[in-house]
Amino acid sequence: EPDFTEASRFFETLPPDGVDPATFGLARGRNVFLISLESLQSFMLDRRIEGREVTPFLNRLRRESFSFENFYHQTAQGKTSDAEFLIDTSLYPLPTGAVFFTHAQNEYHTLPKTLKEHGFTPVAFHANGPSFWNRGRMYDTLGYERFYSVDDFAVDESNRIGWGLSDASFFRQSVTMARGLPEPFFAKLITLTNHYPFELDEANRLVPEYTSKSRTLNRYIPTVRYLDSAVEAFFEAVKREGLYERSMFVLYGDHYGISSKHDKSMAHLLGKERITPFDTIQLQRVPLIIHIPGVDGRVMPTVSGQIDLYPTLLHLLGIVPSDRFYFGRDLFARGRPEFVVFRDGSFATDKLVFTKNACYDKSTGEAVDAATCEPFKRTAIDRLTTSDAIVYGDLFRFDAEPARKL
Ligand code: GP9
Ligand code: MN
């Protein structure tokens, strides 16, 4: 178990990010809309089901954005909240349980706190109660100035779907509230409609259900289509409120929506014979779309994960982090290693995937000699154990001077 000194030494051994001057500060001074797309997996993008596009708006948006094709979620049992933790702290979530519940009183170095130091107003919008995932407590710890929870939204029979407030109404009401914030603001918005069991009324069903043996997968298709239309309406609202040009938009999928229980139907949908452990890892890819109005984007093949967003967003905002206590790597950095570590010790590089004790060649999906993956195993484990020691031991409380320069 490393102590604080050893943990900080670990960070000191990480090579510095080779800052790309062409993208540094591209979104300087803009508001940030960080949008969690509930249960959205990348395999839905650019896909037609019975001839109909499932995510037409996101497909268009992607072409005018930095669109990451090999971006993976890294969550475990804490689901949505684990994704939030990865992004806000650039630490790994815990192997079991949800860190939002178990370590909400810890000291963390966070994105909202850093942005606040640079003049931003950090707030969160989510139409669920403050006790869900212990957000009420944890958002304080993470440094959000205000949490607009279900109590701040008008919810009635007309705008309720599945778990609660519909995404369309959630976005509309959130944008109105965001309009009154001191700028620049950092607004995290967490959607909800595309959540298991993927319920949707007839009126909101823009495409028919899929037809397979999995009712879950069948229902997922129209709720994903609905989420896409809600995001489109969100952008229209942002434009109407005059916030579009002076904002940056970061959209990410929080975690999978379709578990391995549905592999047979998933194979059917993907036109594959079966889903291998390699495919399962590749199915953990979720969208990451960074849209900066007025800036041409491009497709970004870099192998990456949610943990990388913290340094990436600071880079785009032109902010140099004042410490190096984070695991992520700026996704625009030069010479950045192509590497993503999953919570269970699985990992992916640009060429390999390691999972369930087998090593796969990414270009073929075939298992190869386990020794090929060996050099990365230690690094993956070191990261996870160092991160866990920080969380379990609340090690950042020993960092006397949070803004310490390394
Ligand atoms: C609930 C929402 C969904 O507030 O974040 O939680 P999940 O089950 O996806 O973690
Ligand atoms: Mn979720």
Side-chain angles (χ1 to χ4, degrees), residues 33-44 58 71-89 92-104 123-142 144 146-153 155 159-171 173-174 187-200 216-217 219-220 223-224 226-228 230-231 250-262 283-288 305-307 309 342-343:
F33 282 100
L34 175 69
I35 299 174
S36 165
L37 302 168
E38 178 58 44
S39 300
L40 186 62
Q41 291 173 249
S42 295
F43 77 89
M44 280 283 90
L58 291 176
F71 179 75
Y72 297 80
H73 84 81
Q74 296 164 293
T75 66
Q77 289 170 350
K79 307 296 297 283
T80 311
S81 71
D82 277 357
E84 296 183 62
F85 186 74
L86 280 148
I87 293 169
D88 282 349
T89 68
Y92 293 90
L94 294 177
T96 57
V99 60
F100 262 44
F101 275 114
T102 60
H103 295 82
V123 298
F125 295 92
H126 181 49
N128 204 340
S131 61
F132 205 98
W133 287 132
N134 198 28
R135 284 184 176 108
R137 182 70 200 80
M138 190 58 167
Y139 282 180
D140 260 358
T141 296
L142 293 172
Y144 287 95
R146 173 94 209 260
F147 173 23
Y148 297 86
S149 74
V150 69
D151 308 326
D152 297 279
F153 292 85
V155 191
N159 59 18
R160 201 193 304 270
I161 306 180
W163 272 51
L165 184 63
S166 71
D167 286 349
S169 184
F170 164 69
F171 275 133
Q173 296 186 50
S174 299
K188 164 153 83 176
L189 279 73
I190 300 172
T191 64
L192 192 54
T193 307
N194 187 43
H195 192 289
Y196 179 84
F198 311 115
E199 286 170 289
L200 199 63
T216 298
L217 181 61
R219 284 193 298 250
Y220 184 64
T223 54
V224 168
Y226 170 82
L227 172 57
D228 182 85
V231 175
V250 182
L251 294 83
Y252 70 94
D254 62 348
H255 50 73
Y256 67 78
I258 306 299
S259 73
S260 294
K261 272 195 284 187
H262 308 278
L283 281 169
Q284 305 315 306
R285 282 179 293 185
V286 293
L288 172 61
Q306 289 159 333
I307 209 162
L309 274 171
F342 305 105
R343 186 55 256 191

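The model shown is predicted, which means the values in this text are computed figures rather than measured ones. In listed order, ligands and their atoms are each counted from 1. The analysis underlying the following values was restricted to heavy atoms, covering all of them including side chains, and did not include hydrogens, waters or symmetry mates.
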TODO: Please report the closest heavy-atom contact between His195 and Ser39, naming both atoms and the distance.
DONE: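 Result for this residue pair: CA-OG, 4.3 Å.
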What do you reckon, does [X] have a nitrogen or oxygen under 3.5 Å from a nitrogen or oxygen of ligand 1?
X      : answer
Thr80  : yes
Asp254 : no
Glu38  : yes
His255 : yes

Can you report which non-hydrogen protein atom sits closest to [atom], along with the distance?
atom                   : value
atom 5 (O) of ligand 1 : Arg135 NH2, 2.7 Å
atom 4 (O) of ligand 1 : His126 NE2, 2.6 Å
atom 8 (O) of ligand 1 : His195 NE2, 2.8 Å

Taking only heavy atoms of [X] into account, list the atoms of ligand 1 that are under 4.0 Å away from them.
X      : value
Asn128 : 1 (C), 4 (O)
Lys79  : 7 (P), 10 (O)
Trp133 : 6 (O), 7 (P), 10 (O)

Open item on the list: I'd like to know whether ligand 1 has Tyr196 as a neighbour, heavy-atom separation below 4.0 Å.
Closed with: no
| request: Examine all N, O or S atoms of Thr80, backbone included, and report whether one is under 2.8 Å from the Mn ion (ligand 2). | output: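 A backbone or side-chain N, O or S atom of Thr80 is under 2.8 Å from the Mn ion (ligand 2).
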**Asked** Does His255 put an N, O or S atom under 2.8 Å from the Mn ion (ligand 2)?
**Response** yes
(Q) Within the structure provided, determine whether Glu38 and Thr80 are in side-chain contact (heavy-atom separation under 4.5 Å). (A) yes
Quick one, Pro197 and Trp163 - any side-chain contact, counting heavy atoms below 4.5 Å?
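Yes, close enough: below the 4.5 Å cut-off.
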Flag for Thr223-Arg219: side-chain donor and acceptor within less than 3.5 Å
no
Q) Would His73 and Gln284 count as having a side-chain donor-acceptor pair, cut-off 3.5 Å? A) yes
Margin query: Donor-acceptor pair, distance only, cut-off 3.5 Å: does the side chain of Thr193 make one with the backbone of Asp167?
Written below: yes
Worksheet item: Can you check whether Ser36's main-chain N or O pairs, donor with acceptor, with Thr191's side chain at less than 3.5 Å?
Response: yes
Would you say the ring centers of Phe125 and Phe170 fall short of 6.0 Å from each other?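 Between Phe125 and Phe170, the centre distance exceeds or equals 6.0 Å.
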Name whichever N, O or S atom of Asp254 ends up nearest to the Mn ion (ligand 2).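 Among the N, O or S atoms of Asp254, the one closest to the Mn ion (ligand 2) is OD2.
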Query raised in the report: Should the pair Arg343-Asp82 be classified as a salt bridge under the 4.0 Å nitrogen-to-oxygen rule?
Result: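 No, no charged N to carboxylate O under 4.0 Å.
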